[in-house]
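Numbers restart at 1 for each chain; the letters A, B, ... are given by sequence-line order, proteins then strands. All values reported here derive from a predicted model rather than from experimental measurement.
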Amino acid sequence: MGPTTRAQFVYNRRRRRGGRHVVEDGSDDEEQRVDSSSSSSEDEGDEEEAEASGEEVDEEEEEEETVAAEPAAKLPPAAGEKRGGKKGPITISLKKVCKVCKRTGHEAGFKGAVYIDCPMKPCFLCKMPGHTTLTCPHRVAMEHGVIPAPRMNTNTSLDYVFQSQVKGKISMVKPKFLIPNQLECGNIKFHQRRVTCLEFHPTKNNVLLSGDKKGLLGIWDYVKLHEKITYDSVHSCILNCMKIDATNDGLLYTASSDGTISCTDLDTGIGSSLLNLNPNGWNGPSSWRMIYGMELNTDKGLLLVADNFGFLYFLDKRSKTRIGHPVLIHKKGSKVTSLHCNPAQPEVLLSSGNDHYARIWDTRKLEANSPLVGLAHGRVVNSGYFSPQSGNKILTTCQDNRIRVWDYIFGDLQSPSREIVHSHDFNRHLTPFKAEWDPKDYTETVAVIGRYISENYNGVALHPIDFIDTSSGKLLAEVTDPDITTISPVNKLHPQDDVLATGSSRSIFIWKPKTEDELTEERTKQKSREFVYGSGSQKKSNGKHDNSSDDDTDGDSGGKNKKAKKTRFTHTVKGKGKSKA
DNA sequence: AAAGTATGGCCCC
DNA sequence: TGGGGCCCCTACTT
């Protein structure tokens with residue numbers, strides 16, 4: 001096994017060319033599974049699948065059905081008596097049954113491209129009872145139902161100065177923000193398992209590093225499409241985190257659920273282990289240590305590492321030895337999900353954990369139970385990041401479907417400055433979602449995060465990647481492509497370029513902004529589409545979607561016939577918001 | 001083509 | 001405080 005290079009294939013979207021993707025076979029390797037990511041959405045038939053089976057079920061089942069059928073389900077067959085009195089009362093079980101709550105009278109699941117919620121459950125988006133996601137105020141109208149934040153910073157004069165400075169800066173120099181919303185190329189099934197982390201190489205501009213659930217490390221030059229390598233011997237299970245050595249960009253540190261930290265030479269794939277938390281091998285899940293959070297303190301040549309039992313470790317990267325003893329930074333036995341050092345103050349550490357807290361620490365005087373601040377969350381915190389430039393803000397992603405923003409870490413941190421409702425639920429089969437700052441945005445407002453629940457885009461259910469203005473909660477952009485039907489929990493913005501990398505299932509995609517040419521062409525195309533009565537639509541379904549208009553913004557244009565009007569805002573902000581008493 | 005499965009949090013006792 | 005069972009928009013493979 002040593003380092004192996006295995007190449008699947010790359011597909012590359014040539015700019016316009018009929019719009020079709022060109023599939024390039026990276027190298028004919030053993031397994032030629034092309035598998036064209038087809039299908040999904042084959043169920044256009046909707047309505048009448050279950051009907052057909054039932055003998056002569058009346059159409060308007062709702063009312064009485066809910067009442068009558070329910071006891072029937074629990075009682076022995078004899079219970080069928082009243083209903084029509086005929087014999088085979090057992091057949092009543094053929095009634096539609098909600099797969100979520102097991103009751104009759106309604107059904108949850110996809111109807112075409114629209115997911116119908118079980119009305120018995122709280123809203124899947126905001127978690128509140130009384131409505132479903134289809135009618136959730138957070139989905140339908142932005143900033144509807146917003147509750148003002150209790151009160152953010154107790155405005156000290158320092159705060160005032162800071163705010164005005166930043167504000168001034170923002171209005172003065174805010175650059176035109178380009179959303180990388182055009183699928184440039186993709187690497188399909190490069191990984192054998194789902195992608196769990198992505199990182200751009202800091203100096204080799206077009207190189208993307210990726211890790212997957214099997215521990216495979218991928219290196220891909222997405223300009224030279226065929227230059228891709230994988231190293232399968234670095235880790236034996238989930239690769240959770242990657243960092244390039246700031247003083248030697250040929251070295252990569254990786255953290256894994258196999259309980260080890262590795263340092264890998266990117267050119268050779270040769271690595272060494274810096275830490276192994278399971279020196280005695282597997283003794284059951286109750287003792288197996290996994291590493292999720294990892295950070296570099298460049299100033300001190302330190303590696304900070306946290307495990308799934310709540311402990312933080314320090315490593316000297318040069319001597320490859322532990323320093324000091326592990327410190328409990330989250331509830332004992334609970335997973336630490338992420339670590340981040342403040343970019344302006346590397347000694348200041350932000351940790352997030354399964355104990356529903358994010359915490360700020362001073363690593364110079366670190367003791368269990370002595371964080372500088374504890375930031376309470378509603379559920380597990382998937383990630384927490386200081387803002388990339390000043391380090392003055394904090395952005396967290398929590399499994400309660402809320403993104404939280406603290407605008408100023410030196411202010412009152414009792415409660416977040418904003419809570420933005422956004423669909424990024426936990427699902428054990430998905431890599432946890434993490435909202436991340438755009439490292440290029442020195443106004444420190446833009447964040448990117450994948451969306452869990454789907455939206456109906458021209459008859460296809462897609463899961464967009466959202467760009468969110470964290471200062472207002474406004475949705476700046478939702479990025480989709482009709483060929484990407486899977487959820488995209490892993491997203492990374494390029495440190496210098498207007499490039500977005502996405503990990504979606506086993507595939508990796510690269511997005512770039514539309515060029516001016518493309519935009520103008522699109523506009524003209526859209527015009528002509530208007531002339532050519534109703535051309536664009538109608539084709540849909542059957543797997544490969546016609547990509548004539550992959551940008552959501554033009555989307556329907558023609559409108560009318562498609563009932564599918566997408567309700568766009570799947571998130572809203574809480575706090576700061578005007579309105580409301 | 002339906003069924004199976006890998007999996008993590010959380011709820012309840 | 002620990003373990004068993006449950007589980008709402010998965011992405012596959014058989």
Subject >> Quiz item: cation-pi between A:R506 and A:F190, 6.0 Å / 45° >> reply: no
Original post:
So, is the end of the A:K121 side chain (NZ or CZ) under 6.0 Å from the ring centre of A:F124 and within 45° of the ring's axis?
Top reply: no
Whole angstrom is fine here: how far is it from [atom1] in [X] over to [atom2] in [N]?
| X | N | atom1 | atom2 | result |
| --- | --- | --- | --- | --- |
| A:H463 | C:dT10 | NE2 | P | 7 Å |
| A:H191 | C:dA11 | NE2 | P | 17 Å |
| A:M120 | C:dC7 | CE | P | 15 Å |
| A:Y452 | C:dA11 | OH | C1' | 11 Å |
| A:L430 | B:dA6 | CG | P | 17 Å |
| A:N401 | C:dC9 | CG | C1' | 12 Å |
| A:I484 | C:dA11 | CD1 | P | 12 Å |
| A:Y457 | C:dC9 | OH | C1' | 14 Å |

Original post:
Would you say C:dC12 has OP1 or OP2 under 4.0 Å from some side-chain N or O of A:S505?
Top reply: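 So the side chain of A:S505 is within the cut-off, an N or O lying under 4.0 Å from OP1 or OP2 of C:dC12.
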Original post:
Looking at A:K332, does any N or O in its side chain come under 4.0 Å of the phosphate oxygens OP1/OP2 on C:dT1?
Top reply: no
Subject >> Is_stacked (A:H429, B:dA6) at 5.5 Å, 30 deg >> reply: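 Per 5.5 Å and 30° rule: yes, stacked.
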Original post:
Residues two or more places apart in sequence or in another chain: which of them pass side-chain hydrogen bond (donor to acceptor under 3.5 Å, both in side chains) with A:T396?
Top reply: A:H377
**OP:** Summarise how protein sits on nucleotides 8-13 of chain B as a single string, 5' to 3': B when a protein heavy atom is under 4.0 Å from the base, S for sugar-phosphate-only contact, - for no contact.
**Re:** BSS---
**OP:** Determine, for A:R451 against A:E478, whether the closest basic-nitrogen to carboxylate-oxygen distance falls under 4.0 angstrom.
**Re:** yes
Subject >> Distance between C1' atoms of C:dC9 and B:dC12 (Å, rounded) >> reply: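 Straight-line distance between the two C1' atoms is 26 Å.
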Subject >> Involving DNA chain C, stems made of at least three consecutive Watson-Crick or G-U pairs, both distances under 3.5 Å >> reply: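 As far as DNA chain C goes, consecutive pairing (with distances under 3.5 Å) yields the stems B:2-6 with C:10-14, B:8-13 with C:2-7.
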